[in-house]
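Worksheet: the structure to be examined is printed underneath.
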Amino acid sequence: MYPRSVRALQADALFVSVLQRGDEPNASEIWRAVTAALTAYGGAGCAERVAQEFGDHPETAAVRMRWARAAVAILEGQPVPRTRPMVADESPASRRNPATGLSAIRSA
């Protein structure tokens, strides 16, 4: 396993915790949620749960992880990074049928 930063470990723990973004938690609540998740699952267990969630629900997992990373930044007194809301890509390329592209590659 590769070395991980404490901040990444805390973000994973907050991600798998019961704390919700809508709760608008303060630093104390974030610390408690991180500690509880790490105690319950350990670092590796938190990472496994994060991976599972990204596999099952990537569209919501990405939003929750951005929130978790921003919330963990508060613990270190770091400025909270600005995040852009995710929106569906409306470009013509996104409406293209992926099978058409694959068949064109296979026929070449």
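Owing to the predicted nature of the structure, the values given are computational and were not obtained by experimental measurement. In this chain, residues are counted from 1 in sequence order.
Side-chain atoms of Cys46 and Leu38, non-hydrogen and from C-beta on, do get closer than 4.5 Å to each other.
Atom CG of Leu14 is separated from atom OG1 of Thr35 by 10.5 Å, given to the nearest 0.5 angstrom. Arg32 CZ to Asn26 CG: the interatomic distance, rounded to the nearest 0.5 Å, is 7.0 Å. Distance CD/Glu59 to CZ/Phe54: 10.5 Å, rounded to 0.5 Å.
Leu19 and Val16 are members of different hydrophobic clusters when ILVMFWY side chains are connected at heavy-atom separations under 4.5 Å. Residues Val50 and Leu9 are members of separate hydrophobic clusters, defined by side-chain heavy-atom contacts under 4.5 angstrom among Ile, Leu, Val, Met, Phe, Trp and Tyr.
Listed here is the closest heavy atom pair of Pro25 and Glu29: CA-OE1, 3.0 Å. The shortest non-hydrogen separation linking Ser5 to Ala8 is OG-N, 3.0 Å.
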Practice item. Before giving the answer on side chain to side chain contact (heavy atoms under 4.5 Å, CB included), spell out for Gln10 and Leu75 the whole-Å C-alpha distance, their side-chain angles and the decisive distance to 0.1 Å. Key: CA-CA 10 Å; Gln10 290 171 334; Leu75 297 178; 4.2 Å; yes

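Partner of Trp67 under the side chain to side chain contact (heavy atoms under 4.5 Å, CB included) criterion, chosen from Arg69, Met65, Arg64: Arg64.
Shown here are the side chain to side chain donor-acceptor pair (under 3.5 Å) partners of Arg49, two or more places apart in sequence or in another chain: there are none.
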